[in-house]
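Have a look at the structure below before the remarks.
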Amino acid sequence: MRSHDAGTLRAEHAGQTVTLAGWVARRRDHGGVIFIDLRDASGIAQVVFREGEMAQAAHRLRAEYCVRVAGTVAMRPEGNENREIATGTIEVTADLLEVLSESAPLPFPLDEHLQVGEEIRLRHRYLDLRRPGQAATMRMRSEANRIARAVLDDEGFVEVETPTLTRSTPEGARDFLVPARLQPGSWYALPQSPQLFKQLLMVAGMERYYQIARCYRDEDFRADRQPEFTQLDIEMSFVDQDDVIGMGERIVAALWSELAGYEIASPIPRLSYADAMGRYGTDKPDLRLSLELAELTVYFSDTPFRVFQAPYVGSVVMPGGAHQPRRQLDAWQEWAKQRGAKGLAYVLVGEDGTLSGPVARNIADGEREGLAKAAGAEPGDCIFFAAGEAGEARRLLGAAREEIGRSCGLIDESAWSFVWIVDAPLFELAEYSGDISMGAGRWTALHHPFTSPTPDWVEHFESDPGAALAYAYDIVCNGNEIGGGSIRIHRADVQQCVFAVLGISEEDAREKFGFLLDALDYGPPPHGGIAFGWDRICMLLAGADSLRDVIAFPKTGGGYDPLTGAPAPITAAQRAEAGVDAAKPRGKPE
RNA sequence: GGCCCAGUGGCGCAGUCGGUUAGCGCGUCGCCCUGUCACGGCGAAGGUCGCGGGUUCGAGUCCCGUCUGGGUCGCCA
């Protein structure tokens, strides 16, 4: 059908007869001579139609007509080269034009110079993806898949597909449910991740598994969250934490090297969860920003200021913030209130070092003296404080830190920063998490109930659950969690003990994931793994602002697909057949 | 579930303090044009101002409700 790809034509093709096929990206009709930018997957080439029959035929071409053109490659007349495009030195003089199919007037311009709303683009995503930028993103994602597969293949991994119609797994998010026609009243769940299956594959002796796996979670969506998303899922036998982290680094390094032209310094630094929370107020710190929180609990241990008589007092400095107008300081209060805080206390450090602001008047003379130094502030800075329960206060300061970074332009947007967060707690107090499905104990698993304690804790974690550390790791890039995993429990006694701490009875455990416990009875190998948030990684590599840009057919915030119109009502017949309304479920009722 | 922002020809936007015929750019259609490359010139068509109610002599504009989209907090191990 065609002899060449349009985007590959160069000066060396001059004089050759070629046949191209593609779309009319743009036309410039001068009457006697007509220029067409012909676009195919490889790029764009200019086609020229001159006088007479050819010009006549080309007059009727419109945007996005699908055409086939035969002609001769010629050097452009001197001075008419276009340096903007790769084929800019040549053009194709057409002597044959075949319209393969016509296009209706477009619902939105495909011109990359213009901004178009997202909803209309998603409704006609097949047009949106014709835009070279969008198309390049799709191809880049394909490359990312290829690179990851190459690294894993090279290291002896086996790609295995796991079910998408399965049983609800213990992962905390809400499941998407599918009625089982053959067992009315019983339901499949779509997997939130292949977590349990990959562990079964380790018991099965695969030793090294991976999968580019679709996962489903029925929660509210965000710019960086979709109801269905993709993980690069990996599990390995006979490994410890360093082995999995090393494997993860090789994949990430290959991706960034090939797709971003960035060589990640190895090894990627590690930060303990406790340090991350203490110094940055988050478990996914953006280390492009060097700003750190200061802990002032001890400094204010005898303070007369009521607000600072709290289990934790901390601060973060806004460089140059002393010069903010009052209005802006008020805006910070609003900002904090929107995050559920009472406000954001502040002290302004004058150029002469004197402190001002409401807080400065309430603290003791002695406290004023060394405060700037203790908080790490310079003259002209603003110090923000948070006091209260450590977790909440740090979270507020961490968010403030990032807001300061953004608003003060302290973040180098072209930089990449990677860090592993390790030594997270194994358990957290259940009071805040509304996790009803996973046991009735005071404690809930921070990762999931199959995460092993670290070697230091594995023999006595139950004696101090709040302090026990998990053999788990998250990798963070520029403040985004792009992957995480853990070493799993492979000893039945340890697993029983974890369930006991979580308040999960043996009966409950049997009911929910007896199949995994059964499997662990048959000589399970020590194993662990990691899962990468594939959409998020592609988003970062593509420099996109939204996951929707790196997903071929994404959904909107309401879980709606503007293209297909899903979800959609079903007919009464479908409803009856699916067994959605079955009165008496078989098997054990909830 | 809470909060913030937006919704005006196909697309992107303007519309002042509530006032008479709702503008602009792009696109579309017609005519013209032999070196453009986001071509250019002339002309034309195209609107239930998201939807419902209210206030008013009068509502795109103000009020209430609602829907949709985006962001954010909760939520998402």
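Because only heavy atoms are used, hydrogens play no part in the values below, and waters and symmetry mates are left out as well, while side chains stay in. So you know, we letter chains A, B, ... as the sequences are listed, proteins then strands, and number each from 1.
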**Asked** Got a donor-acceptor pair under 3.5 Å from the side chain of A:R27 to the base of B:C37?
**Response** no
**Request:** Spell out yes or no: do the side chain of A:E119 and the base of B:U68 have one donor N/O and one acceptor N/O closer than 3.5 Å?
**Result:** no
**Asked** Does the ring of A:H30 lie flat against the base of B:U36, closer than 5.5 Å centre to centre with planes under 30°?
**Response** no
**Message:** Within the 4.0 Å heavy-atom criterion, would you say A:Q226 contacts the bases, only the backbone, or no part of the nucleic acid?
**Reply:** nothing
**Prompt:** For the side chain of A:R60 and the base of B:G30, is some donor closer than 3.5 Å to an acceptor across the two?
**Reply:** no
**Request:** Indicate, yes or no, whether a donor-acceptor pair under 3.5 Å links the base of B:C37 to the side chain of A:R26.
**Result:** no
**Request:** Go through the N and O atoms of the side chain of A:D111 and the base of B:G27, and report whether any donor-acceptor pair is under 3.5 Å.
**Result:** no
**Asked** When all nucleic acid strands are considered with a 4.0 Å heavy-atom cut-off, which category describes A:P77: base, sugar-phosphate, or nothing?
**Response** base
**Request:** Identify, with sequence neighbours excluded, every residue that meets ring pair (Phe, Tyr, Trp, His ring centres under 6.0 Å) alongside A:H490.
**Result:** none
**Prompt:** Quick one: the side chain of A:R548 and the base of B:G70, do they pair up donor-acceptor inside 3.5 Å?
**Reply:** no
**Asked** Any N or O donor-acceptor pair linking the side chain of A:R76 to the base of B:C37 at under 3.5 Å?
**Response** yes
**Message:** Restricting to side-chain contact (heavy atoms from CB on, under 4.5 Å), what partner residues turn up for A:A393, sequence neighbours left out?
**Reply:** A:Y312, A:A386
**Close aromatic pair by centroid cut-off 6.0 Å: A:F384 and A:W332** = yes
**Prompt:** If we call it a pair only when both distances are under 3.5 Å in a Watson-Crick or G-U wobble match, what pairs with B:A44?
**Reply:** B:U28
**Item:** Polar pair under 3.5 Å, donor/acceptor by atom type, side chain A:E219, base B:G74
**Value:** no
